[in-house]
Amino acid sequence: MTSPHALSVAMLLADARLPSGGHAHSASLEPALLGGLPVAAVPAWLIGRATTVSLVEAGTAVVTARLLGGAAGTTTPAGAVPADTIPHATIPHATGPDGVRGPAGPASAVLDRVVDAWAARTPAPALRDAARLLGRGYLRLARTLWPDAPEVRAITAYDAVRGPLPRAVVLGAVAGATGLSAADAVRLTVYDDAQTAAAALLKLEPLDPLTPARWVLEACAAAEPQVPRVALCATPEDIPASGSPQTEGWAEAHALLSQRLFRA
Amino acid sequence: MPDTAPESTPESTPESLPGSRPAGRALRLGVAGPVGVGKSSLIATICRALGEELRIGVITNDIYTDEDARFLRSAGVLDPERIRAVETGACPHTAIRDDVTANLLAAEDLERDFDPLDLVVIESGGDNLTATFSPALVDAQIFVLDVAGGGDVARKGGPGIGRADLLVVNKTDLAPHVGVDVGRMVADAAAARENRAVVALSRRDEESVAELRSWVLGVLGRFRAGAHVAQDPGPMAPHFHADEDGGYVHSHDDAPAHDHAHAH
C-alpha cells in the first residue's frame, strides 16, 4: 500500500474536525480571557504564544521524533543541514518499553528525558494535565492509524507502563512514523495552537468569524523565522525554554473554576 | 452524603446477571435529551434504585458549568468521587457523537480508578432533539422527554425519540398541571418508536422507578451475556410520510437541503 504524503498527514492532524478530543480545548484562550486579557489583545497574545510556548511544544515534538529514530528531519528545510543529517537507526519491534531501543538508547529512557525537559518548561500542572489529556486523544488516533510504526509502538508501550504522554511527544512519534519533516512539525504545532484558540474565540466573543483567521496566519508568520532553529533541536536540552508565566497563572486559576466551556 | 453509597462487593452483583463483566468493562449507558427534562434527576433515580447492588460511576457533560456533576454529588446517591464532569467546548452533541474522545477517556479513568464497575452512566449536556450518542461511546442509551415540554413532542419523533434503546417520559406527576394526557403521550411515543421500550416515569411513583430499574438490569444482563448489540439511533431517523398513494419513507440519506435546528 502506498503511504500518504506527509503533508496530507499534517493537514489531517491540523483539522479541527479530527476526532481526537481537541474541540474541548481553547489553547489557553478561555483562561486568558477570564483572567482579564482584552479581546483586542488576542492577536498579540497569539503571536506571543507562537513565539514562546508553541516553540516549546514544537521542539519537544522534533526531539521526540529524532530520538525515537524516525524520519522527522530527514526532509531538510532549505538552508538547514546539520542535525537533519543525523543517522537514524530503526527501532526493532518489541513489546515492553524497555525492550525498545532507538539510536539514543531504550525508548522509555529517551521518552523520560524528553518528558522531563518538556515538563520543566511547562510549570503549570493544569497545562501539563491538559497536554496529557490531548496526548491520550492523539495516541488513540496514532494507535488506530499507524499501529505498526515503531515510534507508535514505543509510545504505546510507554503509556501502558508509565502513564500518559503529553501531546507534543505523541505528535513527535507520529511525525517520525509518517515522515513529517521537522520544520513542518514545528509549523503544524504553531498553527494548531493558534487555530485552536481562534476557534474557541468565536464561541467566547462575538466577532466576524473571518477576523481570527487573519490572526492565525499572522501568528504563523511571526513564528516562521524561528522554524529552522527549532527544527534543528536534537536533544532534550535543545528544546526552547521560552515560557509564558502569565499563561501558566491563568491556567491554574481556570482549572479551579466551576464555570467554563473549555478544558484548558 | 457518601454514606448512602456503600462500597459494593462482587457478591452484591445480582444473581440474575450472568458472569462478572465478560466484556471486561462496565456497561456504558448514555442519557440524552433536551435541557430541563430531568436527566440528572433520572440518573440520581437510577443510582438510588441500583446503588446497593451495582457499582456505578457517572460522567456529566455540562455546557457551561459542572452544575450537573455538583447536583448529583449533592444528591448523596453516589460517592462524589465517582461522578466526573467533562468539558465539551460548547458542543455537547460533538462530545457524544463526532468526537467522543473526552468521554471515552473519562470512562476509562473512572473504570480504572474504581475497578471493577458494573455501570457507567454518561449524561449528555442538554441539547436539542437531534443529539444522540455514538455507539463508539455507549452500549445503550436513554432519551428523556418530560410531560411539561408538551404532549406533542413524542409524536414529532427524531432519532433519540424514535430509536434510543429506551424513551423515558419524565415528570408524569406534573401531567395534570400542564394539561398533558400521559397515556396519549406514551402511546404516541410507542408509535413513533415502533414499540421500542417506553417508560412513563415519576421519581415519586415507585412502580415506574421499578420499571426503569428492571430495564437497566435487563440491558446489563444482555450486555454481560454478549447478547446486546449497541444500536445507533442515527443522526435523523427515517420516517414515514402518509399521502394518497400510501406514503413513503423519508430516509434523510440524501437531503442536504433539510434545515435541522442546531443549538450552536
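Residue numbering restarts at 1 for every chain, and letters A, B, ... go by the order of the sequence lines. Predicted model only: the values in this text are computed from it and were never measured.
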Mark yes when over 12 heavy atoms from residues, nucleotides or ligands other than B/Glu81 sit less than 6.0 Å from its CD; otherwise mark no.
no
Can you establish whether the number of heavy atoms outside A/Arg121 located under 6.0 Å from its atom CZ is more than 12?
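Above 12, so yes.
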Proximity breakdown for A/Arg140 and chain B, heavy-atom pairs closer than 4.5 Å
side chain
Within residues 12-34 of chain A, which residues come under 4.5 Å of chain B, heavy atom to heavy atom?
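If one takes a 4.5 Å heavy-atom cut-off, the residues of residues 12-34 of chain A near chain B are A/Leu18, A/Pro19, A/Ser20, A/Gly21, A/Gly22, A/His23, A/Ala24.
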Is the shortest side-chain heavy-atom distance between A/Arg260 and B/Asp62 below 4.5 Å?
no
Report which part of B/Asp98 has an atom under 4.5 Å of a heavy atom belonging to chain A: side chain, backbone, both, or neither.
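Backbone only.
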B/Glu67, part contacting chain A, at a heavy-atom distance under 4.5 Å:
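No part of B/Glu67 comes within 4.5 Å of chain A.
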OG1-CG distance between B/Thr101 and A/Leu134, expressed to the nearest 0.5 angstrom:
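It comes to 9.5 Å.
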Quick check on the interface: out of B/Leu104, B/Asn103, B/Val100, who has the most heavy-atom pairs with chain A under 4.5 Å?
B/Leu104
